[in-house]
Amino acid sequence: MSSSSEFVLRSPDRGTAVLVARLLILAVAVFAVSVLLPGGLIGVGLTLRPDGAPTTALCLLLGAAGAWSVLRGRDGIPAALCGTAVLLTVLGEQIVMHRFRDPAAHADMALATMAGFLLLAVSLVSPWLARRRGQGVAVLADVLGLCLPTLRLSGAPFASDALRHDPVLGAMSPSTALCLLCLCAALLLLRSGTGWASALSGREPGGAGVRRLAPVIVLLPILLGGLGLFATRAGLLDTDLRLILLTVSMTALAAGAMLHVTALAEAAERRAFSLETRLVAAETARDRSEMAAARAQRTETLGRLALEVAHDFNNTLSVILANLELMDGAALSASDRLHRDEALAATTQGAHLTRQLLTFGRESRLRPRAVVLDDHIPETLGMFSRLHGKGIAVGTDLALTDSLVLVDVAGFQQALLNLLLNARDAMPGGGSIRVATRVGPAPAATCGEALAMHVRVSVTDTGKGMDEATLERATDPFFTTKEAGAGSGLGLAMVSSFCRRSNGALTLSSAPAKGTEVAMLFPVHDLEGGEDGDRAE
């Protein structure tokens with residue numbers, strides 16, 4: 001993912017801002033000292049006399065000391081003391097000095113200068129008075145203090161006589177306005193993490209957009225105002241038309257800036273939404289992986305348990321089977337012999353079940369041999385006929401004649417019986433089951449060999465079917481839609497495992513209220529490739 005620096009301007013470096021603020025404060029301090037020192041410093045104090053000197057110079061020096069305290073991280077009592085001193089100096093100049101001064105020898109401090117110093121005092125004192133809101137008040141005072149000298153200095157490029165003769169702004173000397181401008185700018189740089197200054201200096205798209213537009217926003221109005229004033233003085237425009245053009249230009253500039261910042265913000269929102277979408281997808285994938293790991297762990301645990309149970313069950317069946325075989329030479333009536341044969345068949349089937357449990361426990365060995373599956377399906381259907389009950393019709397469509405497959409016969413019969421039992425359970429109100437066999441190429445998505453010939457054994461029912469979500473998890477171990485105690489969720493998992501170990505595959509097709517078709521696919525066996533044999537998992 002791209003870093004933020006690829007789509008927004010890098011925010012101003014904190015070290016650079018502090019360095020600029022330090023230089024501005026030192027420049028104001030040097031100017032104030034040069035005014036207060038007799039004879040001035042290199043003639044600066046003599047050539048650029050502020051209004052109300054030396055009182056104004058003293059206020060500038062105190063303001064520079066307060067700003068330096070903020071620079072040094074002491075935006076508390078030291079800065080508040082400097083701000084209070086500025087306030088007392090202004091009040092003292094108006095109360096005490098105004099009463100005892102010599103009007104011919106002392107110049108008044110301009111009203112605009114007094115307002116600027118009052119704002120400077122508020123900026124220095126408010127963070128100490130109100131910890132929470134004090135920084136916001138200080139930034140507001142800095143902004144107002146920045147606008148006031150800017151308004152006074154803006155008349156110089158236009159050579160405006162009206163501004164120079166204004167009783168409020170015109171009385172402020174350019175040197176005083178410039179020093180106040182420097183102090184307020186320095187304080188804003190030092191408080192760049194508060195209020196609108198924080199948004200302007202941040203890495204967010206809004207602040208980056210404003211920084212891009214800042215030169216245009218600042219310089220274009222000055223340029224347009226100067227051109228309009230020049231055209232008016234040259235007789236090319238009258239005052240009303242100049243005002244209209246300037247208003248339209250400023251409106252267009254503000255609208256363009258707003259649209260630009262809005263576009264940046266929307267782009268950032270789109271990127272954030274895309275990132276959130278990817279994050280959600282990653283979380284979902286992680287959850288699925290954790291669930292799969294948990295299911296695999298449960299499967300392994302059950303496999304070990306099945307192995308232990310299978311061993312004990314096999315020992316029990318061995319005793320029963322041995323006793324039934326001992327009865328083979330005994331004189332039995334026809335009825336007793338029938339019961340013995342049924343018990344022997346049931347015991348043999350139990351042995352097959354034990355082998356199936358061992359298969360699920362991953363420790364059994366399959367004993368595949370080349371067979372025609374159609375020869376072994378009727379036997380399984382015979383066993384199923386005793387289990388499916390009334391109301392269920394079983395039909396067959398067996399089309400295999402001489403197509404051989406290499407499978408473990410007992411494992412195949414148990415897998416087919418599991419599919420038949422699942423079909424029965426899907427039709428509690430009755431229905432029909434159809435067992436069909438076909439030979440043909442298997443799709444590549446199931447067996448990986450699109451052109452290889454496979455035998456297909458399908459079991460189709462007319463039951464309630466499954467939706468897509470259920471169909472995706474149907475072969476997961478322990479997943480079942482049956483009621484608690486009615487199923488373990490291992491039937492399809494064992495059938496899928498058997499097909500996979502036989503180099504085949506299991507496919508499912510279903511829809512709600514349209515029944516289900518489950519098909520086992522096994523590759524056709526080539527006799528030239530080898531005959532019967534044992535194959536371990």
Side-chain angles (χ1 to χ4, degrees), residues 14-15 17-42 44-45 48-97 109-110 112-131 134-135 137-146 148-149 172-194 197:
R14 175 67 179 172
V18 172
L19 177 61
V20 174
R22 180 181 288 112
L23 294 177
L24 293 176
I25 295 171
L26 290 176
V28 173
V30 170
F31 174 77
V33 171
S34 68
V35 172
L36 293 174
L37 286 177
L41 181 64
I42 322 177
V44 173
L48 297 175
R49 298 286 293 179
D51 56 285
T55 308
T56 301
L58 180 60
C59 290
L60 291 175
L61 186 59
L62 291 172
W68 191 265
S69 298
V70 177
L71 173 67
R72 303 298 295 177
R74 295 190 292 269
D75 195 1
I77 295 179
L81 290 176
C82 293
T84 304
V86 171
L87 180 61
L88 293 177
T89 301
V90 173
L91 294 178
E93 196 274 343
Q94 292 299 310
I95 296 174
V96 180
M97 296 292 295
M109 181 185 292
T113 303
M114 293 174 55
F117 284 137
L118 290 177
L119 291 172
L120 180 62
V122 171
S123 174
L124 295 174
V125 174
S126 57
W128 175 68
L129 291 177
R131 294 295 181 183
Q135 290 292 339
V137 174
V139 170
L140 179 60
D142 292 334
V143 172
L144 295 177
L146 192 68
L148 188 62
M172 177 189 287
S173 67
S175 60
T176 304
L178 185 60
C179 289
L180 284 173
L181 183 68
C182 291
L183 287 178
C184 293
L187 289 172
L188 282 175
L189 289 174
L190 296 176
R191 293 166 175 158
S192 59
T194 305

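Just so it is clear, the model here is predicted, and its values are computed rather than measured.
Closest of all the heavy-atom pairs between P149 and A177 is CB-O, 3.0 Å. Of all heavy-atom pairs between T89 and A85, the closest is OG1-O, 2.7 Å. Closest approach of C59 to V90, counting heavy atoms only: SG-CG2, 3.9 Å. A79 and G66 make their closest contact through CB-O, 4.0 Å (heavy atoms, listed as atom of the first residue, atom of the second, distance). Listed here is the closest heavy atom pair of A67 and I25: CB-CD1, 3.6 Å. Residues A32 and A57 come closest through the heavy atom pair CB-O, 3.3 Å.
Applying the side-chain hydrogen bond (donor to acceptor under 3.5 Å, both in side chains) rule to pairs touching residues 22-33 yields nothing, sequence neighbours excluded.
Checked against side chain to side chain contact (heavy atoms under 4.5 Å, CB included), A29 has the following partners two or more places apart in sequence or in another chain: L61, A64.
The OG1 atom of T55 lies 11.0 Å from the CG atom of L60; values are rounded to the nearest 0.5 Å. Summarising the geometry, atom CG belonging to L26 is positioned 4.5 Å from atom CH2 belonging to W68; distances are rounded to the nearest 0.5 Å. Atom CG of L120 and atom CG of L144 lie 12.5 Å apart (nearest 0.5 Å). Taken from SG in C179 to CG in L24, the straight-line distance is 10.5 Å, to the nearest 0.5 Å. Note that CG of L71 is 10.5 Å distant from CG of L189, once rounded to the nearest 0.5 Å. The line from SG of C182 to CG of L146 is 10.0 Å long, rounded to the nearest 0.5 Å.
A 4.5 Å side-chain heavy-atom check between L87 and L118 finds at least one atom pair inside the cut-off. Considering only heavy atoms from C-beta on, L188 comes within 4.5 Å of V139 through its side chain.
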Legend entry - Derivation of the side chain to side chain contact (heavy atoms under 4.5 Å, CB included) call for L148 and L180: CA-CA 9 Å; L148 188 62; L180 284 173; 5.8 Å; no
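When each of L62, V86, V122 is tested with F117 by the rule side-chain contact (heavy atoms from CB on, under 4.5 Å), just one qualifies, namely V86.
The backbone N or O of L119 lies less than 3.5 Å from no partner atom in the side chain of S123, so there is not a single donor-acceptor pair.
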